[in-house]
Amino acid sequence: MPPSAVETLDRDFLTLRSRLLDVAAALDRLDRAEGSIADDPRMRKIADAIEVLASPDENRTEQIQMIFSDEA
Amino acid sequence: MNAMQFIDPHIHIASRTTDDLALMAKMGCVAVGEPAFWMGFDRSDAASFRDYFRQLTEWEPRRCANHGIQHFAWLGINAKEAENVAFARDVIALLPDFLTRPNVLGVGEIGLHKNTPNEMTTLLTLVDLALSTNEQMVFHTPHLADKHKGTRMILDMLAADARVDPTRVCIDHCEEHTIRMVLDGGYWAGITLYPTTKATPERAADMVEIHGPDRVLVNSSADWGPSNPLAVPEFIVAMRRRGHDDAVIRKLVYDNPIQFLRQSRNFSM
């Protein structure tokens with residue numbers, strides 16, 4: 001029987017928490033560093049990816065893969 | 001409990017130490033597939049590939065056999081060194097002498113790196129050679145931002161050639177945005193468990209849960225970079241943590257590799 005949502009959350013919560021802290025720390029690190037990256041296109045991609053993370057969609061991973069893909 | 005037997009169908013043993021082989025054997029590895037690849041820098045002479053192919057067909061099988069691991073090889077010129085078409089042509093000319101060696105399964109890992117016209121020219125030559133001698137093929141799909149477009153280009157190229165049997169072809173390094181098109185095309189989908197640039201054991205387990213275990217291979221692609229020759233056992237653990245049956249896990253790490261690889265005339269286990 002596959003694990004329930006609660007069981008999956010029990011199993012993955014600390015990992016999720018840890019990885020969110022990694023992302024937060026990386027963004028804080030960027031803020032502390034000298035210079036501006038506001039116009040760096042990579043920051044737009046990161047912002048778009050974070051927006052997807054916060055969405056209720058079910059295929060977030062695939063969406064974020066496409067955000068970071070070069071179709072040119 | 002004895003370790004589950006597994007086959008790593010894509011690992012670069014040439015860049016791993018013998019200690020790695022000893023650990024892999026202890027963790028249940030019984031066979032490996034080693035595609036010819038980029039050794040970390042561009043080779044200066046096509047003739048150096050002759051010694052490399054000898055390494056893959058003579059030395060590494062012996063080194064693996066010392067640890068009870070069967071070694072199979074795929075031969076070709078990798079996507080990174082395919083940009084120089086004349087150089088690639090000289091390397092491809094060496095292949096017919098080596099494709100008949102006893103541990104060689106077919107042509108690989110071939111594919112695209114930056115999706116350039118020159119890379120595609122070399123790739124078409126390699127595919128034509130493989131199909132003319134009825135070889136199986138393993139394809140490298142590009143890293144990171146280039147992966148989706150490159151995978152699409154490879155699949156379009158293969159679909160345009162009526163000689164291609166998708167069930168004898170592995171499109172490797174699939175991720176969430178490429179695995180569906182690979183499986184829908186009838187190909188085998190390789191999922192590579194490699195830090196930062198490819199999938200984790202957890203994401204591989206997710207993809208298996210979404211797409212099913214049929215025609216899916218998991219591999220470590222462990223090479224000279226930070227990588228893990230025990231990635232397949234880590235995947236086994238990740239799947240067990242989720243409560244998957246050993247029968248399903250065994251299908252992914254043992255039965256599926258055999259089903260795919262036994263289509264090569266030189267494969268036997």
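To find a chain, count down the sequence lines: A is the first, B the second, and so on, and within it residues start at 1.
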Exercise for the section: Show the numbers, then the answer: is there a side chain to side chain contact (heavy atoms under 4.5 Å, CB included) between Ser69(A) and Lys149(B)? Expected result: CA-CA 8 Å; Ser69(A) 289; Lys149(B) 180 184 176 186; over 6 Å; no
Practice task
Check whether any side-chain heavy atom of Gln63(A) sits under 4.5 Å from a side-chain heavy atom of His177(B), and report yes or no.
Solution key: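 No; the side chains remain at least 4.5 Å from each other.
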Exercise for the section: Inspect the contact between Arg180(B) and Glu62(A) and indicate whether a charged nitrogen and a carboxylate oxygen are less than 4.0 angstrom apart. Expected result: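 Yes, this pair counts.
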Return the [atom1] to [atom2] distance between [X] and [Y], rounded to the nearest 0.5 Å.
{"X": "Leu144(B)", "Y": "Asp70(A)", "atom1": "CG", "atom2": "CG", "result": "11.5 Å"}
{"X": "Glu176(B)", "Y": "Arg60(A)", "atom1": "CD", "atom2": "CZ", "result": "13.0 Å"}
{"X": "Glu175(B)", "Y": "Thr61(A)", "atom1": "CD", "atom2": "OG1", "result": "10.5 Å"}

[X] [atom1]: over 12 foreign heavy atoms closer than 6.0 Å:
{"X": "Lys114(B)", "atom1": "NZ", "result": "no"}
{"X": "Asp39(A)", "atom1": "CG", "result": "no"}
{"X": "Arg19(A)", "atom1": "CZ", "result": "no"}

Exercise for the section: For His148(B) and Glu71(A), test the side chains for any donor-to-acceptor distance below 3.5 angstrom and give the result as yes or no. Expected result: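 Yes - a donor-acceptor pair under 3.5 Å links their side chains.
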